[in-house]
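Lettering follows sequence order; numbering is per chain, from 1.
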Amino acid sequence: MLDIKLFRETPDLVREALRKRGMDPAPVDEVIKLDTLRRDLIREVEGLKAERNRASKEIGRTKDKAERQAKIDAMRAVGDQISQLDEQLRQVQGQLNDLMATFPNIPDARVPLGADESENVVLRTVGEPRRPDFKVQPHWDLGPALGIINFEQGVKMTGSRFYVLSGAGARLQRALIAWMLDLHIRQGYTEKYTPFMVKSDTMFAAGELPKFQANMYKDHEEDLWMVPTAEVPLTGLHMGEILDGADLPLRYTAYTPCFRREKMSAGRDVRGIKRGHQFDKVEMYIYCRPEDADAELEKMLADAEQTCAELGLTYRIVQLCTGDLGEKAQITYDIEVWSPGVEEWLEVSSVSCVGDFQARRAGVRYRPEGEKRTRYPYTLNGSGLGLPRTLIAILENYQQPDGSVIVPEVLRPWMGGIEVIR
RNA sequence: GGAGGGAUGGCCGAGUGGACGAAGGCGCCUGUCUUGAAAACAGGUUAGGGUCUCCCCUACGCGGGUUCGAAUCCCGCUCCCUCCGCCA
């Protein structure tokens, strides 16, 4: 949610932001119109309410029967007028809220202009893409051959794009989760275990509703949604709270499964475990003062990078252009790891600053030290790596000519002595 | 799933139609006193909104309703507690 003041005071800035994202700036004028109407109504109805409050107190003091009745009769009309205006105001307010909720965040000035993902900018590459001289099997062949991924069983019980991890495969994923959480704790994040289902309010707060309704799973009887990312419950954690400025920044990490109900287009990433309706992820999330956001963004990116580096993976940092930038984000860096089996750069992490966009929706505020007024904190989120893709990269990068897979050093403490999966 | 009780400010807790944004207490802040602190005393201490240093409006779990006027009455919902049932 954007600040209504931006529309009042600097509407051109909002229009420009929409154009950069390739969107129509026309709704800005609609907001201004509704906001003006809203404030006109407020002034009118509040004047009447003030009058009513004054008169009502007088009525309470009036002893004379006839005089009292006369005053009551006079006020009855005012009361009707008030309820009429209140109703009108409610409608206008509702329209304005609905409209405001549809605006994407304003891209940071540093974000390069571009129409779509083809115009994203590779900032740097760390390591050399591995291209072994033997034929690297893609994970969808290797996994079943090693008996650690079973696609048929997943499809049998649930449907396409579901799979079962088995034995060392399941264990490898669990090792990754445990190792990543421990790493993030060392980096200064507090671990949270959260609900995997949340109410509509929480989905709205995180910016998933109303726009991405079609991409999420819902229990219609209970009005509960399955989280598409841990970012959702980590945003919900402090809904409606006023945080103490001295406590910022708050840094959290959480493991959750993620559920996404995408209309999977035929032919796109259909093979393997790259894109499923259910996947696991370890997430980082930060609440900070606006003035600290740049430093925190750098930290989070460095923290996510460290994950790739310690796993010994070749990766590159990609800055998203305005046309590819997510709805909520002001600025986003993707981390992609090279995987020689699928022969592509896999997006394993996306690190974003969303400004006060989510805090505003969630009603999370903080009181700067020594100040009376409250402000909205900035929030940042980033994956400490999505697991299926990290798993793909490990299976394909650590593959030996004989089809066995070496377990990365850092994961071995969780692998019960397994150094090679064969 | 069934029966009953409850939800008031940072916390405890009063309030059953008008003087209540809300008694009293605790906590916190400021001042007086003190060499300093404590104690005592005095004052202050919610958030959001409006043409916003004054002033006005809104909010007593949430949403409706009754009324000139609602923390207080009515309806619906949510959450918490107790008991019964069921359950990993």
> When you compare B:rG5 with B:rA59, how far apart are their C1' atoms, in angstrom units rounded to a whole number?
Replying inline: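 Their C1' atoms lie roughly 26 Å apart.
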
> When rounded to the nearest Å, what value does the distance between P atoms of B:rU82 and B:rU30 take?
Replying inline: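 B:rU82 and B:rU30 have their P atoms separated by 41 Å.
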
> What's the verdict on salt bridge (charged side-chain N to carboxylate O under 4.0 Å, His left out) for A:D108 and A:R110, showing C-alpha distance, side-chain angles and the deciding distance?
Replying inline: CA-CA 5 Å; A:D108 187 285; A:R110 291 165 291 181; 2.8 Å; yes

Distance test, side-chain N/O of [X] to OP1/OP2 of [N], below 4.0 Å:
X	N	value
A:R76	B:rC68	yes
A:R367	B:rA47	yes
A:R54	B:rG18	no
A:N53	B:rC57	yes
A:S56	B:rU67	no

>> Atom CD of residue position A:Q213 - does it have more than 12 heavy atoms of other residues, nucleotides or ligands inside 6.0 Å?
In response: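 No - once you tally the heavy atoms of other residues, nucleotides and ligands closer than 6.0 Å, there are 12 at most.
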
> Are more than 12 heavy atoms from other residues, nucleotides or ligands located less than 6.0 Å from atom CD of A:Q69?
Replying inline: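 More than 12 heavy atoms, drawn from other residues, nucleotides or ligands, come within 6.0 Å of this atom.
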
Rounded distance in Å - [atom1] ([X]) to [atom2] ([N]):
X	N	atom1	atom2	result
A:K49	B:rC56	NZ	C1'	12 Å
A:I42	B:rC52	CD1	P	13 Å
A:I59	B:rA19	CD1	C1'	15 Å
A:E46	B:rA59	CD	P	11 Å
A:R365	B:rA47	CZ	C1'	6 Å

> Counting only distance, no hydrogens or angles, is the base of B:rU51 paired donor-acceptor with the side chain of A:R43 under 3.5 Å?
Replying inline: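 Pair found.
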
> Tell me, which stems hold RNA chain B, with a stem being 3 or more Watson-Crick or G-U pairs in a row and both distances under 3.5 Å?
Replying inline: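 So the stems come out as B:1-7 with B:78-84, B:10-12 with B:24-26, B:27-32 with B:40-45, B:46-50 with B:55-59, B:61-65 with B:73-77.
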
>> Within residues 79-93 of chain A, which residues have any heavy atom lying less than 4.0 Å from an atom of RNA chain B?
In response: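 The stretch gives A:R90 as the residues lying under 4.0 Å from the strand, ordered by number.
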
>> Can you confirm whether or not the ring centre of A:F103 sits under 6.0 Å from the ring centre of A:F7?
In response: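 For A:F103 and A:F7, the ring centres are under 6.0 Å apart.
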
>> One thing to verify: whether A:D303 and A:K299 come together as a salt bridge, which I'm taking to mean a side-chain N less than 4.0 angstrom from a carboxylate O.
In response: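 Yes, A:K299 and A:D303 are salt-bridged.
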
